[in-house]
Amino acid sequence: MNYWLIKTEPRAYSIDDLAKDKKTPWTGVRNFQARNFMRDQMTVGNRVLFYHSGVERSIMGIARVSSQSQPDPTQFVRKSPYYEPRATNKIPIWYMVTFSFVKKFKKRIPLSHLKIRSGLAGMELLRRGSRLSIQPVSEKNFKVIETLESL
DNA sequence: GCCAACGTTGGC
DNA sequence: GCCAACGTTGGC
């Protein structure tokens with residue numbers, strides 16, 4: 001079982017959007033490291049921390065991977081901001097997975113709270129300058145964060 | 001709004 | 001293969 005954290009600007013797509021949609025294709029990721037995690041390591045059922053960047057800066061709840069990776073269709077859409085002229089159907093460049101809603105925390109967990117938990121030291125999200133929008137989370141850190149919800 | 005810390009592109 | 005320039009992310 002792998003665990004993950006995904007970042008999103010809530011104005012672009014929020015946990016409430018996911019709660020309403022039940023599931024959503026995670027298109028538009030244009031970073032090779034993030035792509036590789038989705039393409040090569042995410043499997044159906046993996047648990048995912050859903051993080052809002054920007055003003056809220058909090059883990060908002062939990063999602064899960066509900067489909068294996070497949071080529072991101074937006075790379076073929078000429079008018080899309082995510083258009084990728086180098087991609088072909090035979091050799092796509094960008095991939096996506098589908099995330100499904102699991103739960104929204106009763107109280108969001110702010111970044112500032114995560115920072116003062118010594119048990120989470122070394123977490124990628126807390127690394128200075130970390131911008132990776134899809135990142136692995138250790139099982140231990142995932143469980144710690146789950147317990148923080150009830151505090 | 002500022003700017004540090006990136007990741008990517010492209011000239012050489 | 002190197003690296004300057006550029007564009008972007010995202011905390012503050």
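Below, chains carry the letters A, B, ... as their sequence lines are ordered, and counting in each starts from 1. Just so you know, these numbers use all the heavy atoms, side chains as well, and skip hydrogens, waters and symmetry mates.
Within the structure, every side-chain polar atom (N or O) of A:K7 is placed at least 4.0 Å from both OP1 and OP2 of C:dT9. Taking 4.0 angstrom as the limit, A:R30 places none of its side-chain polar atoms (N or O) nearer than this to OP1 or OP2 of B:dG7.
Rounded to a whole Å, the OH atom of A:Y82 is 12 Å from the C1' atom of C:dT8. As rounded to whole Å, 12 Å separates atom P of C:dG10 from atom CZ of A:R11. Across the protein-nucleic acid pair, A:L114 atom CG and C:dG10 atom C1' stand 15 Å apart, rounded to whole Å. Taking atom CD on A:E9 and atom P on C:dG10, their separation rounds to 8 Å, with Å as the unit. Nucleotide C:dG10 holds its P atom 9 Å from the OH atom of A:Y51, rounded to whole Å. Summarising the geometry, the separation between CZ on A:R131 and P on B:dA5 is reported as 11 Å, rounded to the nearest angstrom. Distance A:Q33 CD to B:dA5 C1': 14 Å, rounded to the nearest Å. C:dT9 atom C1' lies 17 Å from atom CZ of A:F32, rounded to whole Å.
Residue A:R35 is out of contact with every strand shown, counting any heavy-atom pair closer than 4.0 Å.
By the 4.0 Å N-to-carboxylate-O rule, A:E146 lies too far from A:K143 to be salt-bridged with it.
A side chain to side chain contact (heavy atoms under 4.5 Å, CB included) with A:L111 is found for exactly one of A:R108, A:H113, A:K115, namely A:K115. Test A:R64, A:M1, A:Q41 against A:N46 for side chain to side chain contact (heavy atoms under 4.5 Å, CB included) and you get one pass: A:M1.
Here B:dG7 is the nucleotide among C:dG11, B:dT9, B:dG7 with the atom lying nearest to any side-chain atom of A:N31. Listed nucleotides B:dT9, B:dA5, C:dG10 differ in distance to A:R128; the shortest reach to its side chain belongs to B:dA5.
Ring centers of A:F50 and A:W4: at least 6.0 Å apart, outside the cut-off.
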